[in-house]
Amino acid sequence: MDMKTLVIVGVVMALAGTFSMTTVFLTRRVYPGFGYWVLSILCRTLGSLLFLQRDQLSLWLTIILANTLFLLDIMLVGRGMRVFRNQHRPIHSGIEATALLSFIALFIWLTVIVPDIKMRILLWCVYTTLLMSWTVFILLTHRPAWFGSGDQFLALALIFLVFMTLIRAGYTQFFEDSLPNFMAASGQAVFILINIGATLLIILGQIIMNAQRIEYDYRVVQQALEQDIAKRKYLETQLREEAIRDPLTGLFNRRYLNESLQREFSRRQRSDGSLIIAMLDLDHFKRFNDHYGHEAGDAVLRAVSELLQHSLRREDIVCRYGGEEITMILSETTLAVAAARLDTVRHALTSLRIRHQEQDLPPITASIGLAAAEPTDLTPDMVLARADAALYRAKLNGRNRVEVNTTDFNIAKPSKTTFIRLIWRDCFLCGHALIDQQHRQLFNDANQLLDAIFAKESKPMADVNPLLDQLVHDLMQHFQDEEQVLMVVNYAELGEHAALHRALINQAIELVARFRAGNLAIGELLEFLAQDVVVKHILNEDRKFFGHVG
C-alpha cells in the first residue's frame, strides 16, 4: 500500500471519527472538555485532507497549515483531557500558545526559507513527543475517582504514539539518507498506519471516559439519594421512638401499650396462642418520693426500667403505665412460666442498690399481678382489668409478692401449701396408652417436686432429693419408651426427636446438680419443667407424631 492510499485511509478514518464524536457531542450528555476532543478530530480531518492535496495546493496549505492542524489536534486532546478533569490552569494555555507559535515559525523556516524534509519530521517528532508525554504524565499522576478503562485506553494510545514517534525520529535521523520521494517512502508509511490505529484508540478512550464519568456521577447521585433515604428513615425512626417511648425511663409509653395490647390480643384470637399481661407497682413509692425527693424517685424508676429490660425476653413489651406503675405484655408463654420469671425479677429488685447524689438509697420492693387472656375475654381491657385486680390483691396480701389471677385456665388455685401446679388437660392425649400414661406421670412428678420445693422451709432437703431423682428417672424412661414406639411406626423424624430427648436429659441433670449445690433459682427450675419439658416438648414436639401412634 503506497503513501497516498494510506493518507486516503487516514482521511476516511478521521471523517468517521469526526462523525462519531460530533454525534455523541450533539445527542448525549457530555462534560466540559469533550468539545475540545471534537475540535481535535476535526483538525486531524482537515489536516489529512490538506495533506492529500499535496500536489495540487501550495506548501503553505499542504505542509505548514496541515502540520499545524496535526499539532493542534494533539494540543486539543491534552487540553480537553485537563478541562474534562477540571485540571486546566492559565499557565497551561501559555505553554500551549508558545509551543504552537514556535512550531509554526520553525516549520515556515524549514519549508519556505531553508527547505529540509528530514528536519521537519524531526521537529514534528520533538513537539508531538513533548505534548503527548505531558498529557500522559497528567493522566497517570492526577487520577480522579472516575478513572477507568477510558483513561487507560487514552493513556495506552498516547504512550504507544510517543514510543512510535521516538522510533520514527530515530528512523528518520539514522536510516534515511535523504527523503526526496517522501510520498513513496515505505518506512514513513508504516508510521502513518500506526498513527491511524492509535487515533482510533484515542477516540474510543474519549467516548468511554465520558460514559464512565456519567456512570460515576449517577452512582454518586444514587449514593447521595440512598444516604438521604437512610437519613430520613433514621429520623423517622427517631421520631417514632420519641412518640412511643417514655422520656424518663426509656420504656414504651401508654400510647404504645394501647396499640400493642390490641395487636397482641388480635393475634392471640387468630392463632389461639397465649397472652399474659403483668402489672408491676413499686411499693410505697409516694412515701419514698416525699422522703428522698422526686429526683431520687426518678433515679429509682430508671434503674428498675433498666433491670426489667435486661431481665425479660426481647419479644416481651415493657411499658410505663403511669407514675411508678409498669405494664408488661408477655406472649407465647404460660402463666406459670411468666409468674416464675417475674418472681425472679421481684427478687432481683429487692437486691438492687441505687446511688443518688453520693448516697445509697434504701432497697425497694414491688408488687406484681398477672392475668392470661381467656376465650371469654372480648377485649384486651378485660385482661388488663384482671391483671390490675391481681396487683391489688398482691398489695392487700402484704406487698412484695406476685399474685396470679386465679380464674385463669392453666393455673391451679393457690393454697397455703401450693404455689403453682401444672394442670393436665385431655387435649394433651395422643391416643397411645403408654405415652399418655407416662406424660401424666411426668406432670405428677413435677407437681410433687414443686410442692416439696416451695415447702422446703418446713421440710428437710432430703425430702426433695428423691423427688428430683424420680423425675429424672421417669423422664429418661419415658424418652426411651417413646423412641421405641416411634421406631415401630417408622417415624421419619425419629433421629431429630431423639436428639431433643438427649438435650433435655442433659439439661435436667445439669439443673439438678446446680439445685443441689444451691446455685439454681426456683424460677429457673420451674421454667425448665413448664416451658422446656411441657410446652416446647410435650405440647409442641410430641404433637408432631400424634397422627402416627394414635
How are the rings of Trp37 and Phe34 set to each other: parallel, tilted or perpendicular (split at 30° and 60°)? perpendicular

One thing to verify: whether Asp469 and Arg516 come together as a salt bridge, which I'm taking to mean a side-chain N less than 4.0 angstrom from a carboxylate O. yes

Donor-acceptor side-chain pairing of Gln438 and Glu482 below 3.5 angstrom: no

What is the minimum heavy-atom distance between Arg268 and Glu374, and which atoms define it? NH1-O, 3.6 Å

Say whether, by atom type as modelled, one donor and one acceptor occur between the side chain of His291 and the main chain of Arg287 under 3.5 angstrom. no

Keeping the roles fixed (side chain from Asn506, backbone from Arg502), state whether a donor-acceptor pair exists under 3.5 Å. yes

So, do Phe479 and His537 sit near enough that their side-chain heavy atoms are less than 4.5 Å apart? yes

Minimum-distance pair of heavy atoms, taken over all atoms of Val404 and Ala339: CG2-CB, 3.9 Å

Quick check on Gln309: does its CD atom have over 12 non-hydrogen neighbours (other residues, nucleotides or ligands) under 6.0 Å away? yes

I'd like to know if the side chain of Arg386 and the backbone of Ala372 have a donor-acceptor N/O pair within less than 3.5 Å. yes

Just so I know, are the side chains of Ile202 and Leu154 near enough to count as touching, which here means a heavy-atom distance under 4.5 Å? yes

Sub-3.5 Å donor-acceptor pair from the side chain of Thr327 to the main-chain atoms of Cys319, do we have one? no

Regarding Tyr31 and Arg29, do their side chains bring together a donor and an acceptor under 3.5 Å, going by distance alone? yes

Minimum side-chain heavy-atom gap Val488-Gln484 below 4.5 Å: no

Here the pair of heavy atoms bringing Ser305 nearest to Leu251 is OG-CD1, 3.3 Å

Glu315 with Arg267: basic N within carboxylate O range, under 4.0 Å: no

Look at the rings of Tyr256 and Phe252 and say which category their plane angle falls in: under 30° parallel, 30 to 60° tilted, over 60° perpendicular. parallel

Check Ala394 against Ser367 and note the closest heavy-atom contact, atom names and distance. CB-CB, 4.0 Å

Heavy atoms, side chains only, cut-off 4.5 Å: are Asp316 and Met328 in contact? no

Report yes if the side chains of Tyr292 and His356 come closer than 4.5 Å at any heavy-atom pair, otherwise no. no

Salt bridge between Asp228 and Lys231, side-chain N to carboxylate O under 4.0 Å? no

To the nearest 0.5 Å, tell me how far Ile509 CD1 sits from Leu475 CG. 9.5 Å

Using a 3.5 Å distance criterion without hydrogens, assess whether the side chain of Arg82 forms a donor-acceptor pair with backbone atoms of Gln87. no

Identify the heavy atoms of Val83 and Gly33 that sit nearest to each other, and give their distance. CG1-N, 3.6 Å

When you check the gap from the basic side-chain N to the acidic O, do Asp290 and Lys286 get nearer than 4.0 Å? yes

Inspect the surroundings of CE in Met476 and state if more than 12 heavy atoms from other residues, nucleotides or ligands are less than 6.0 Å away. no

Heavy-atom side-chain contact between His497 and Asp542 under 4.5 Å: yes

Are side-chain heavy atoms of Arg399 and His284 found at a separation under 4.5 Å? yes

Flag the pair Phe84 / Asn210 as yes when at least one side-chain heavy-atom distance between them is below 4.5 Å, and no otherwise. yes

Matching residue for His478 among His432, His439, His473 - test: ring pair (Phe, Tyr, Trp, His ring centres under 6.0 Å): His439

Could you check whether Lys233 pairs with Glu236 (Lys NZ or Arg NE/NH1/NH2 to Asp/Glu carboxylate O, under 4.0 Å)? no

If we ignore angles and hydrogens, is there a donor and acceptor under 3.5 Å between the side chains of Gln441 and Asp445? yes

Would you check, one step at a time, whether the test side-chain hydrogen bond (donor to acceptor under 3.5 Å, both in side chains) holds for Gln357 with Glu295? CA-CA 10 Å; Gln357 294 183 349; Glu295 289 187 3; 3.3 Å; yes

Donor-acceptor contact below 3.5 Å, side chain Ser331 vs main chain Leu275: no

Looking at every non-hydrogen atom in both residues, tell me the closest pair between Ser260 and Ile329 and how far apart they are. CB-CD1, 3.8 Å

Is Arg346 reaching over with its side chain to a backbone N or O of Ala366, donor-acceptor style, under 3.5 angstrom? no

Would you call Arg245 and Glu242 a salt bridge, taking side-chain N to carboxylate O under 4.0 Å as the test? no

Quick one: CD on Glu324 to CG on Asp283, what's the gap to the nearest 0.5 Å? 9.5 Å

Taking the six-membered ring of Tyr321 as reference, does the NZ or CZ atom of Arg254 fall below 6.0 Å from its centre and within a 45° cone about the axis? yes

Checking side chain to side chain contact (heavy atoms under 4.5 Å, CB included) against Ile326, which of Leu257, Ile368, Val304 comes through? Val304

